[in-house]
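Notes follow the structure.
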Amino acid sequence: MQYWLMKTEPEECSIDDFAKDPSAVIMWDGVRNYQARNFMRTMAIGDEVFIYHSRCANIGIAGIVRVTRMAYPDPTQFDTNAPYFDPKSTPDKPRWDAVDLQFVRKFTRVIALDELKNEPALANNPVVRKGNRLSVIPVTKDERDAILALL
DNA sequence: GCCAACGTTGGC
DNA sequence: GCCAACGTTGGC
């Protein structure tokens, strides 16, 4: 079992979108960064993912979801009408992948970025680094335990 | 909304 | 292969 953190702007997809139907499976599409894609390709079913809300009033970790389907070609890359359309991608040579995610839990409060920055166990995690743009981030077991201990 | 930091693109 | 220009991310 591996642990992850994925960033999202809550106006696009928030922990509440998972929580409102805990049985629903949401396709995590639109990742257009090679490093993030490569991390997604190493995800396994059952891996736990912290949902991080960025670019919003309450920045931080809002809850946990889990992987229900391993990486597969992101259909939005072929959709000329989608904002994530990639003209350099073809069905026999897809560039981008998606995974499927399902609700696990919503935290009683958002763990704020400031708290993450103040937690020594997270000092090496990209999420607290200034200017970091990686939207799919591996989280070690120790880091995961430290995050949950902040609740 | 601003803007620093970053990843990607493309001319050379 | 370099690197300037560009577009995007994301905290503030």
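In what follows, chains are A, B, ... by sequence order, proteins preceding strands, each numbered from 1. Model, not experiment: these values are computed from the prediction.
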**OP:** Sugar-phosphate atoms are those with a prime plus P, OP1 and OP2; base atoms are the rest. Using that split, label each nucleotide of nucleotides 5-12 of chain C B, S or - for protein heavy atoms under 4.0 Å, 5' to 3'.
**Re:** --BBBBSS
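- Under the 6.0 Å distance and 45° angle rule, A:Arg69 counts as a cation-pi partner of A:Tyr72.
- Residues passing the side chain to side chain contact (heavy atoms under 4.5 Å, CB included) test with A:Met70, sequence neighbours excluded: A:Ile45.
- Listed by chain and number, the residues in a side-chain hydrogen bond (donor to acceptor under 3.5 Å, both in side chains) with A:Tyr84 are A:Glu12 (sequence neighbours excluded).
- With sequence neighbours left out, A:Asp100 forms a salt bridge (Lys or Arg N to Asp or Glu O under 4.0 Å) with no residue at all.
- Residues that satisfy the ring pair (Phe, Tyr, Trp, His ring centres under 6.0 Å) test with A:Trp96, not counting sequence neighbours, are A:Tyr34.
- Mapping A:Lys88 and A:Lys130 onto DNA chain B via the closest heavy atom, the residue that lands nearer the 5' end is A:Lys130.
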Just distance, no hydrogens or angles: give the donor-acceptor pairs under 3.5 Å from side chains in residues 143-151 of chain A, sequence neighbours left out.
{"from": "A:Glu143", "atom 1": "OE1", "to": "A:Asn125", "atom 2": "ND2", "distance (Å)": "3.2"}
{"from": "A:Glu143", "atom 1": "OE1", "to": "A:Thr140", "atom 2": "N", "distance (Å)": "2.9"}
{"from": "A:Glu143", "atom 1": "OE1", "to": "A:Thr140", "atom 2": "OG1", "distance (Å)": "3.4"}
{"from": "A:Asp145", "atom 1": "OD1", "to": "A:Lys141", "atom 2": "NZ", "distance (Å)": "3.4"}
{"from": "A:Asp145", "atom 1": "OD2", "to": "A:Lys141", "atom 2": "NZ", "distance (Å)": "3.0"}

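- Of all the residues in residues 28-43 of chain A, A:Asn33, A:Tyr34 reach under 4.0 Å from DNA chain B with at least one non-hydrogen atom.
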Side chains of residues 49-58 of chain A: which donor-acceptor pairs under 3.5 Å do they make with residues two or more places apart or in other chains?
{"from": "A:His53", "atom 1": "NE2", "to": "A:Ile15", "atom 2": "N", "distance (Å)": "3.1"}

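- Shown here are the salt bridge (Lys or Arg N to Asp or Glu O under 4.0 Å) partners of A:Lys106, two or more places apart in sequence or in another chain: A:Asp16.
- Residues from residues 92-101 of chain A with heavy atoms under 4.0 angstrom of DNA chain C: there are none.
- Residues meeting the side-chain hydrogen bond (donor to acceptor under 3.5 Å, both in side chains) test with A:Thr42, sequence neighbours left out: none.
- With sequence neighbours excluded, the residues satisfying salt bridge (Lys or Arg N to Asp or Glu O under 4.0 Å) with A:Asp17 are A:Lys20.
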